[in-house]
Every structure is written in C-alpha cells, then in structure tokens.
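Values in this document were obtained by computation on a predicted structure and should not be read as measured data. Hydrogens, waters and symmetry mates play no part in the numbers below; they use all other heavy atoms, side chains included.
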Amino acid sequence: MAHPVQLGQHPDPTHTIAHLSDPHLLADGARQYGVVDPEAGLRTALDRLTRLPHTPDALVFTGDLADVAEPAAYVRLRELVEPAAEAMGAQVVWVMGNHDDRSAYSRLLFDEESDAPQDRTYDVSGLRVVALDTSVPGYHHGEISDDQLHWLAGVLAEPAPHGTLLALHHPPIPVPMLRAAEIIELADQHRLAEVVAGTDVRSILGGHFHFSTYSTFAGVPVSVASASCYTSDPAPLDRFVSGVDGHQALTMVHVYGDRVVQTVVPLTDAPEVSGVQSTVTAQLEALTGEERRELLSRKDSAFNRGELADELGSW
C-alpha cells in the first residue's frame with residue numbers, strides 16, 4: 001500500500017514482507033504443554049498484520065509449522081493462513097523446520113510426495129525469496145548438504161531485480177543468550193558463508209530460537225523472528241532453558257532500494273497511555289513539509305502543548 005504523501009525523507013519501501021516463525025500447530029485444538037494454544041497465537045499474528053501501515057507482499061514462515069508434523073495440523077495451517085494471505089494480496093512462503101516432516105510437509109502444503117530437502121524459490125514482484133531446508137530427519141540441529149549448497153549457488157549466480165531474501169529455519173549466527181541452542185544450531189556454517197558472500201542476498205531470515213535477535217553473516221544482515229506460540233526467556237532464573245507463554249512477536253521486513261529495515265511487532269496489545277487518532281494522517285498530509293515540522297517537531301507548538309486536541313485528536 002503506497003502512501004500518497006511522503007512525510008519524511010525516505011519513500012515507501014519497494015517491498016513489505018511479514019516474517020513469522022514457529023507456529024508449532026497441533027491437531028484438534030491441542031495445547032502445547034497443556035497450556036499454550038498455538039492456533040490462537042497464529043490467529044493473533046494474522047490479525048495484527050491487518051493493522052499495519054504497509055500491507056505485506058508476502059508472508060514468510062521460517063519453520064516449525066507443525067509441532068509434531070501431524071497431517072491435520074498442516075491442513076489447519078493452510079485453512080488459517082491462505083485466506084488471510086489472499087485477503088491481503090500476499091504470497092505465502094513456507095520453510096521447513098526441525099519439528100516438520102518432509103513427507104507430510106510436501107504432501108499437504110505442496111501436493112507433492114517427497115522426502116527430499118524442501119528448497120524452493122519465490123518471485124515477489126522482482127524480490128527473490130529462497131526457502132532453504134536446513135532440517136535433519138530425526139534430529140533438531142540443522143545441516144545443509146553439498147547438493148543443496150550447489151543448488152543455492154546456482155540460484156544466486158544470477159541476481160534478481162530487487163535482490164534476494166534467504167529464509168531458513170536454523171539461523172547461521174551465535175546464540176549467546178540461549179546456550180541450549182548452541183547444541184542444535186546450524187552445523188558447518190562456514191560452508192554456507194562461502195556460497196552467500198558476494199551475492200545479491202540482502203537479508204537472511206531465520207527462526208528456531210523463539211525470540212528475536214540480530215547479527216550479520218558473510219556480510220549480510222540476519223534477522224531472527226520470535227514465535228507465535230510460546231517463546232524462550234533469554235533471562236530466566238536458575239533455568240537452563242525456559243519456555244514461557246508471553247513476548248510472542250513477528251517481524252516486519254521493509255525492503256528499500258538501498259537497505260532493509262526490520263521491526264519487531266509484539267502480538268498482544270498493551271495498555272495505551274498516550275496516542276493520536278488515525279484521522280490525523282489526512283490532515284497532516286494536507287500541510288506542507290515545513291508546516292508539519294513546525295506543528296509536530298517544535299516543542300512549544302500548539303500541538304505539543306495539547307491545544308489542538310479537537311482538530312488533531314488527543315496527544
């Protein structure tokens with residue numbers, strides 16, 4: 001959704017991507033650990049997307065789509081996500097996670113029978129999204145085979161018009177806040193770095209950790225999205241790992257001509273202590289740039305003194 005008037009010095013992004021991760025759906029409304037309703041978390045995430053200033057061009061789910069790879073969970077995933085994505089006009093990009101099963105994943109999400117790595121490419125209006133399967137059957141850590149690296153190198157050999165986002169479940173970064181994750185991290189990360197370095201990959205999107213974190217890899221920014229189910233507490237008390245029912249979030253990825261901006265969006269509402277009505281936008285767009293700056297930036301302006309409540313909502 002392009003905005004008719006540019007309020008700042010940067011134009012609208014060329015592409016907007018919603019990065020969601022780790023829904024961990026269970027069949028028949030079952031709850032994780034008898035407490036967390038993963039379907040409710042996913043519904044909340046999808047609803048949150050309808051409230052954002054830029055409508056997503058794609059929804060990228062970086063793995064652990066189903067908690068125990070139940071066929072009914074994948075069916076329910078499509079029932080929830082696909083109508084919501086269609087209403088937004090967004091593509092859906094699925095990525096394999098360590099809790100997923102290749103056979104069920106390929107059959108129920110792509111109508112294919114396959115036990116092979118689930119690697120795919122997507123064209124989002126000239127922005128290439130590569131879904132790379134880092135799962136290892138029977139294990140929770142991640143690996144990428146020689147064949148997969150060769151395939152990825154071939155894909156990246158030709159740059160895409162707007163560059164590439166590489167989406168994978170196991171992020172190729174250190175995890176200093178969750179030592180348990182070091183044991184189930186992506187193995188041999190240097191081999192992937194050799195393929196990614198110098199290509200048109202503009203950002204790497206990952207999941208797996210159940211909390212938001214950021215780094216770089218082979219000179220490329222890495223963004224890890226939190227989970228829509230339960231999350232990992234990065235500062236627990238006397239616990240090696242601690243999964244909690246709180247702090248769920250998604251990440252919005254805004255792609256510009258010269259940069260990528262990532263923003264964490266919490267899934268639950270918090271009490272508002274101050275705000276401005278959305279009707280203000282049209283009024284601000286009708287002003288000149290200098291008028292907008294004088295009204296909102298100058299500390300002693302009528303707006304910042306709270307004297308324009310009737311005209312511009314309550315500050």
Side-chain angles (χ1 to χ4, degrees), residues 19-26 32 38 60-71 73-74 77 93-110 112-122 129-156 165-196 201 204-211 213 215 217-218 220 222-227 229-230 232 240-241 243:
H19 176 196
L20 307 97
S21 200
D22 295 86
H24 283 263
L25 284 197
L26 286 161
Q32 292 170 310
V60 178
F61 287 81
T62 50
D64 284 357
L65 309 177
D67 193 54
V68 289
E70 298 161 295
Y74 289 112
L77 180 71
V93 176
W94 305 119
V95 180
M96 273 280 298
N98 53 287
H99 279 256
D100 294 306
D101 173 79
R102 288 173 179 170
S103 178
Y105 175 101
S106 61
R107 182 174 71 256
L108 295 163
L109 297 182
F110 296 95
E112 300 174 359
E113 291 285 348
S114 176
D115 291 319
Q118 298 295 299
D119 304 323
R120 290 177 174 84
T121 63
Y122 300 79
V129 180
V130 176
L132 186 65
D133 181 358
T134 55
S135 68
V136 181
Y139 290 85
H140 285 304
H141 75 282
E143 294 179 1
I144 306 173
S145 70
D146 291 340
D147 287 344
Q148 287 179 282
L149 291 172
H150 180 74
W151 172 83
L152 180 61
V155 169
L156 299 179
L165 299 181
L166 176 60
L168 71 177
H169 184 64
H170 298 81
I173 65 172
V175 275
M177 298 297 290
L178 187 61
R179 295 203 64 200
E182 297 178 25
I183 303 168
I184 57 171
E185 66 185 358
L186 179 65
D188 299 322
Q189 296 176 15
H190 65 281
R191 298 172 68 237
L192 176 62
E194 293 169 356
V195 174
V196 169
V201 175
I204 297 173
L205 310 182
H208 193 42
F209 300 153
H210 288 230
F211 62 84
T213 188
S215 185
F217 176 77
V220 177
V222 178
S223 174
V224 179
S226 186
C229 58
Y230 69 92
S232 299
F240 182 56
V241 292

Heavy-atom side-chain proximity of [X] to [Y] below 4.5 angstrom:
{"X": "T213", "Y": "V175", "answer": "no"}
{"X": "S232", "Y": "M177", "answer": "no"}
{"X": "L165", "Y": "V60", "answer": "no"}
{"X": "F217", "Y": "L186", "answer": "no"}
{"X": "S106", "Y": "E113", "answer": "no"}

Legend entry - Candidates L192, D188, V136 - the one meeting side-chain contact (heavy atoms from CB on, under 4.5 Å) with I144: L192

I need the [X] [atom1] to [Y] [atom2] distance, nearest 0.5 Å.
{"X": "W94", "Y": "T62", "atom1": "CH2", "atom2": "OG1", "value": "11.5 Å"}
{"X": "L205", "Y": "L166", "atom1": "CG", "atom2": "CG", "value": "8.0 Å"}
{"X": "D101", "Y": "E70", "atom1": "CG", "atom2": "CD", "value": "11.5 Å"}
{"X": "Q32", "Y": "C229", "atom1": "CD", "atom2": "SG", "value": "4.5 Å"}

Legend entry - Heavy-atom neighbours of Y139 OH exceed 12 at 6.0 Å: no

Legend entry - Heavy-atom neighbours of H190 NE2 exceed 12 at 6.0 Å: yes

Inset, instruction - Given side chain to side chain contact (heavy atoms under 4.5 Å, CB included), test D119 with L152 step by step and report yes or no. - result: CA-CA 9 Å; D119 304 323; L152 180 61; over 6 Å; no

Legend entry - H169 and S135 side chains, donor-acceptor separation under 3.5 Å: no

Closest approach of [X] and [Y], non-hydrogen atoms and distance?
{"X": "V95", "Y": "D100", "result": "O-OD2, 4.1 Å"}
{"X": "D67", "Y": "H99", "result": "O-ND1, 2.8 Å"}
{"X": "H170", "Y": "H140", "result": "NE2-O, 3.0 Å"}
{"X": "Y74", "Y": "A66", "result": "CZ-CB, 3.7 Å"}
{"X": "S226", "Y": "S21", "result": "O-CB, 3.5 Å"}
{"X": "L132", "Y": "Q148", "result": "CD1-NE2, 4.2 Å"}

Inset, instruction - May I ask you to decide if G63's main-chain N or O and H208's side chain share a donor-acceptor pair within less than 3.5 Å? - result: no

Inset, instruction - Spell out, as yes or no, whether a donor-acceptor pair under 3.5 Å connects the side chain of H141 to the backbone of E182. - result: no

Inset, instruction - Over 60° means perpendicular and under 30° means parallel, so classify the ring planes of H24 and Y230, tilted if in between. - result: tilted

Inset, instruction - Could you walk me through whether Y105 and D133 pass side chain to side chain contact (heavy atoms under 4.5 Å, CB included), step by step? - result: CA-CA 11 Å; Y105 175 101; D133 181 358; over 6 Å; no

Inset, instruction - Assess whether side chain to side chain contact (heavy atoms under 4.5 Å, CB included) is satisfied between D64 and N98, documenting all intermediate values. - result: CA-CA 6 Å; D64 284 357; N98 53 287; 3.4 Å; yes

Inset, instruction - Determine, step by step, whether L108 and L77 satisfy the side chain to side chain contact (heavy atoms under 4.5 Å, CB included) criterion, reporting the C-alpha distance in whole Å, the side-chain angles of both residues, the deciding distance to 0.1 Å, and the verdict. - result: CA-CA 10 Å; L108 295 163; L77 180 71; over 6 Å; no

Legend entry - Residues forming a salt bridge (Lys or Arg N to Asp or Glu O under 4.0 Å) with E112, sequence neighbours excluded: R120

